[in-house]
2 protein chains.
Amino acid sequence: MDQRVKKKATIYDLSVLSGSSPSTVSAVLNGTWRKRRIKESTAQTILGLAELHQYTTNLQARGLRRSRSGLVGLMLPVHDNRYFSSMAQTFEGHVRSRGQCPVVVSASRDPEEERRTAETLISYSIDQLFIVGATDPDGVHEVCEPAGLRHINIDLPGAKAHSVISDNYEGARMLTEAIIRRFSNDDPLRPDELFLFGGRNDHASRERIAAFHATKKALLGTDPDDGVQSSGYSPDITLRAFEAFYQSRGKLPRALFINSSINMEGLLRFMAGRPAEMFSELVVGCYDYDPFGSFLPFPVIMVRQNVEAMITKAFELIDEPPTAPQTFLIAPELIQPRSALKGPLDSLKDIA
Amino acid sequence: MDQRVKKKATIYDLSVLSGSSPSTVSAVLNGTWRKRRIKESTAQTILGLAELHQYTTNLQARGLRRSRSGLVGLMLPVHDNRYFSSMAQTFEGHVRSRGQCPVVVSASRDPEEERRTAETLISYSIDQLFIVGATDPDGVHEVCEPAGLRHINIDLPGAKAHSVISDNYEGARMLTEAIIRRFSNDDPLRPDELFLFGGRNDHASRERIAAFHATKKALLGTDPDDGVQSSGYSPDITLRAFEAFYQSRGKLPRALFINSSINMEGLLRFMAGRPAEMFSELVVGCYDYDPFGSFLPFPVIMVRQNVEAMITKAFELIDEPPTAPQTFLIAPELIQPRSALKGPLDSLKDIA
DNA sequence: TTCGCTTGCACAATCGATGGTGCATAAACT
DNA sequence: AGTTTATGCACCATCGATTGTGCAAGCGAA
């Protein structure tokens, strides 16, 4: 511990110490030494020295030479949300089990930021990119393609690369049906008592809205065309949508289809400061699963997207030889109110 | 678009195209060209060509040369949790505003994994490392130090580098007091009706438990020594703790101090399948804030740690010249039940 | 002894960008 | 005119690891 910062040992240092050439040292340390017919004893010497001097490979140098970095990227819209954070958690497990290094970044649903972020990751020669919930997946594709970067869309599909998404139509159909069936035959839900809040003009929202309409029509006969209040993926805009609705009608609907947990937070904001009784008769369906959301003081039926299956499928696809872009649907699961499901954290070692 | 993968343009390509030397091209593209007295017109030519050929710097090469990468690392225990995911979200904003690239990874609260992860990040020459909630911060320090990597502890303190943590004692004091005061004088809470679940032998838990005991003693006179059920940071262990408690006493306590939102998920698991009425009289304090958790069917008083302030402080410290390690306390905030607070997502551009 | 094959390793180019140094040419000054 | 100073840029070593190629020593066979 002489110097404050003793420079890290390199293959050149070990080369001098061992009396072998740098190339031999390199081969020994990266495991290709048998192929290069290095003597066992030479290898052992070098490995011993490496250990002794705490050698670690400079991955930037290796990356530069190999033009691959060992990094695998996950681009999320945002971190702060249980759907996406469970995506990150699951992704990390997969990447680590392959001996690579996961890198998670968010791009705020901003197409420009998405492209810039992809550019940056490419500049670090990441090996693969998983694009989750991108606003403009094809824009990101245009950046990845010329760089030869393997990539795949998750959650929101693109036209130019494989996509693995949740079966939004079926999920929304189940959810809508479950909401409607939640009401007894004595006092059934009327079509104008069920509204959808949230979503914008992306593939997932469109599918969900379509299923919402179709299922309402199928089960309730009709579907008034003002049943959808788009409010993007912003709690605050959703809050304002609820306030506007409440303002104009004097009450909330009896039942809500909420497009995502982020929009659900808009409902929470609406609830804050208002009496709990106001919501005691409410029935909510939420397209996303959040364990705490499942235990609110009114029934919340949720849809859990199968993150594990999506990530697994995505890893399968990204390694395959390229074919024409396809979209793969993963079935989501309907979750009854008051359910506390296991998540990716449960596969971690428990320590008390 | 001739080739499938047309190689990215390098400074050498631009050098040939522009008739300037690679070093000139490099200087122009990295902005140091005025310092190197490059003619304005030469610079413009090169910049034009760079634009035309979509040049982007190979950051691995730059990183190798400069032995800095422009990457800033955040090491979390886990992603899938609103406290840590809001940490990630906030961190990203700060790093991006400094023109660097955030990299978020998790290390599962495993000391070995924490060190390995730090090693890996160092191999990529990251510029700074923010270590959040590490089980063994000083172990990570031992890895960072010899590499000359600036690093700082957040959430859980270490002895060998600056730490920015939440004021756990004060937070737990406020929370315990708030729980107790929640009960009316007609039917006040007895000392043996308030239990703490969760936590393990880390600094945060110790502080919180100390404050819990002290506050109980101060306000309720005594504090039975079995008032604490350690159950780590695992929903399932916490679930088992609740089951065991319930098994042996036939009921839950009237009031609970829950050490973190992860432990709170253990309570959810206990609730699942049990009648809601069983919990209607319960009062819960949770050391962590989760918007959905705030609206459960019983009062949940929460403590929100000031993530923004912690990250801001950490960025201040990490840039300063090194001094003897200090720990900085950031005041957390008591959050009344049924509060839907703004979070880091709210500073994103809202799009409907 | 000589040819040929295997073994074991060294050499050197390369990945792309950076930055210290030095050298022309031009402008300014005595 | 001769010297100094400024301008504009090229050259080259370097960061650390990888990998194709080549070559000497050793050994067996002819």
Side-chain angles (χ1 to χ4, degrees), chain A residues 5 7-46 49-50 53-70 119-120 122-127 147-148, chain B residues 5 7-46 50 53-70 120 122-127 147-148:
Chain A
V5 179
K7 300 252 321 145
K8 298 196 62 126
T10 71
I11 52 169
Y12 299 97
D13 302 329
L14 296 186
S15 155
V16 171
L17 291 169
S18 67
S20 301
S21 76
S23 60
T24 299
V25 174
S26 170
V28 168
L29 292 171
N30 68 31
T32 59
W33 55 280
R34 291 180 194 285
K35 204 169 58 194
R36 289 178 86 81
R37 299 191 317 238
I38 308 289
K39 235 195 306 181
E40 176 85 34
S41 66
T42 311
Q44 290 312 327
T45 308
I46 293 173
L49 284 169
H53 294 274
Q54 311 219 56
Y55 171 86
T56 58
T57 308
N58 180 322
L59 296 175
Q60 296 219 66
R62 170 181 290 173
L64 175 58
R65 186 56 232 258
R66 290 199 178 151
S67 62
R68 302 183 302 105
S69 65
E119 281 288 8
T120 304
I122 288 170
S123 301
Y124 287 110
S125 307
I126 61 165
D127 300 344
Chain B
V5 178
K7 301 254 319 145
K8 298 197 62 127
T10 70
I11 53 168
Y12 298 97
D13 301 330
L14 297 185
S15 155
V16 172
L17 291 168
S18 68
S20 299
S21 76
S23 62
T24 300
V25 175
S26 171
V28 169
L29 293 171
N30 69 32
T32 60
W33 55 279
R34 291 180 194 285
K35 204 168 59 193
R36 289 176 86 77
R37 301 190 317 240
I38 307 290
K39 236 195 305 183
E40 177 85 33
S41 66
T42 310
Q44 291 312 325
T45 308
I46 291 172
H53 293 275
Q54 312 219 55
Y55 171 86
T56 58
T57 308
N58 180 322
L59 296 174
Q60 295 220 64
R62 170 182 289 174
L64 175 58
R65 187 56 230 260
R66 290 196 178 155
S67 61
R68 301 184 303 106
S69 65
T120 304
I122 287 170
S123 302
Y124 288 110
S125 308
I126 62 165
D127 299 346

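Proteins get letters first, then strands, A, B, ... in listed order; numbering begins at 1 in each. The model shown is predicted, which means the values in this text are computed figures rather than measured ones.
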**Request:** Only counting residues at least two apart or in another chain, list the ones meeting side chain to side chain contact (heavy atoms under 4.5 Å, CB included) with Arg68(A).
**Result:**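 Per chain and number, Arg68(A) pairs via side chain to side chain contact (heavy atoms under 4.5 Å, CB included) with Arg66(A), Asp127(A).
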Mind calculating the distance between [atom1] ([X]) and [atom2] ([N]) to the nearest angstrom?
X: Arg34(B); N: dA6(D); atom1: CZ; atom2: C1'; result: 18 Å
X: Ile11(B); N: dG16(C); atom1: CD1; atom2: C1'; result: 6 Å
X: Ile46(A); N: dG8(C); atom1: CD1; atom2: C1'; result: 12 Å
X: Leu29(B); N: dA17(C); atom1: CG; atom2: P; result: 8 Å
X: Lys35(A); N: dG8(C); atom1: NZ; atom2: P; result: 17 Å
X: Arg68(A); N: dA17(D); atom1: CZ; atom2: C1'; result: 13 Å
X: Leu64(A); N: dA17(C); atom1: CG; atom2: P; result: 9 Å
X: Tyr124(A); N: dG16(C); atom1: OH; atom2: C1'; result: 14 Å

Does a side-chain N or O from [X] land closer than 4.0 Å to OP1 or OP2 of [N], or not?
X: Tyr55(B); N: dA17(C); value: yes
X: Arg65(A); N: dC15(D); value: no
X: Tyr12(A); N: dT14(D); value: no
X: Asn30(B); N: dA17(C); value: no
X: Thr42(A); N: dC9(C); value: yes

Q. Excluding sequence neighbours, so at least two apart, what forms side chain to side chain donor-acceptor pair (under 3.5 Å) with Thr56(A)?
A.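 So Thr56(A) forms a side chain to side chain donor-acceptor pair (under 3.5 Å) with Lys8(A).
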Contact list for DNA chain D against residues 16-28 of chain A - heavy-atom distance below 4.0 Å: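 Going residue by residue through residues 16-28 of chain A, the ones with a heavy atom under 4.0 Å of DNA chain D turn out to be Ser23(A), Ser26(A).
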Exercise. Of all the nucleotides listed (dG16(C), dT19(D), dC9(C)), which has the minimum atom distance to the side chain of Ile38(A)?
Worked result: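 In terms of side-chain proximity for Ile38(A), the closest of dG16(C), dT19(D), dC9(C) is dC9(C).
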Roughly how far, to the nearest 0.5 Å, is the [atom2] atom of [Y] from the [atom1] atom of [X]?
X: Thr10(A); Y: Tyr55(A); atom1: OG1; atom2: OH; value: 7.5 Å
X: Arg62(A); Y: Ser125(A); atom1: CZ; atom2: OG; value: 13.5 Å
X: Lys39(A); Y: Ile46(A); atom1: NZ; atom2: CD1; value: 11.0 Å

| message | Considering every strand and a 4.0 Å limit on heavy-atom distances, what is the contact class for Thr32(B): base, sugar-phosphate, or nothing? | response |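 Nothing, no heavy atom under 4.0 Å.
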* Asked: What pairs with Arg34(A) under salt bridge (charged side-chain N to carboxylate O under 4.0 Å, His left out), at least two apart in sequence or on another chain?
  ->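 Salt bridge (charged side-chain N to carboxylate O under 4.0 Å, His left out) list for Arg34(A), sorted by chain: Glu40(A).
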Closest contact, heavy atoms only, Asn58(B) versus Ser123(A):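 Shortest heavy-atom separation between Asn58(B) and Ser123(A) comes out as OD1-O, 3.8 Å.
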I need the minimum non-hydrogen distance between Tyr124(A) and Ser69(A), along with the two atoms involved.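 Reported closest heavy-atom pair: O-CB, 3.3 Å.
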Could you list the donor-acceptor pairs under 3.5 angstrom formed by side chains in residues 14-31 of chain A, with sequence neighbours left out?
{"from": "Ser15(A)", "atom 1": "OG", "to": "Ser20(A)", "atom 2": "O", "distance (Å)": "2.8"}
{"from": "Ser18(A)", "atom 1": "OG", "to": "Leu14(A)", "atom 2": "O", "distance (Å)": "2.8"}
{"from": "Ser18(A)", "atom 1": "OG", "to": "Ser15(A)", "atom 2": "O", "distance (Å)": "3.4"}
{"from": "Ser18(A)", "atom 1": "OG", "to": "Ser20(A)", "atom 2": "N", "distance (Å)": "3.1"}
{"from": "Ser21(A)", "atom 1": "OG", "to": "Ser23(A)", "atom 2": "N", "distance (Å)": "3.4"}
{"from": "Ser21(A)", "atom 1": "OG", "to": "Ser23(A)", "atom 2": "OG", "distance (Å)": "2.9"}
{"from": "Ser21(A)", "atom 1": "OG", "to": "Thr24(A)", "atom 2": "N", "distance (Å)": "3.2"}
{"from": "Ser21(A)", "atom 1": "OG", "to": "Thr24(A)", "atom 2": "OG1", "distance (Å)": "3.1"}
{"from": "Asn30(A)", "atom 1": "OD1", "to": "Thr32(A)", "atom 2": "N", "distance (Å)": "3.0"}
{"from": "Asn30(A)", "atom 1": "OD1", "to": "Thr32(A)", "atom 2": "OG1", "distance (Å)": "2.7"}
{"from": "Asn30(A)", "atom 1": "ND2", "to": "Ser26(A)", "atom 2": "O", "distance (Å)": "3.3"}

Protein-nucleotides 4-7 of chain C N/O pairs closer than 3.5 Å?
none

message = What I want to check is whether an N or O donor and acceptor connect the side chain of Arg36(B) with the base of dG20(C) at under 3.5 Å.
response =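 Looking at the base of dG20(C), it does pair with a donor or acceptor on the side chain of Arg36(B) (distance under 3.5 Å).
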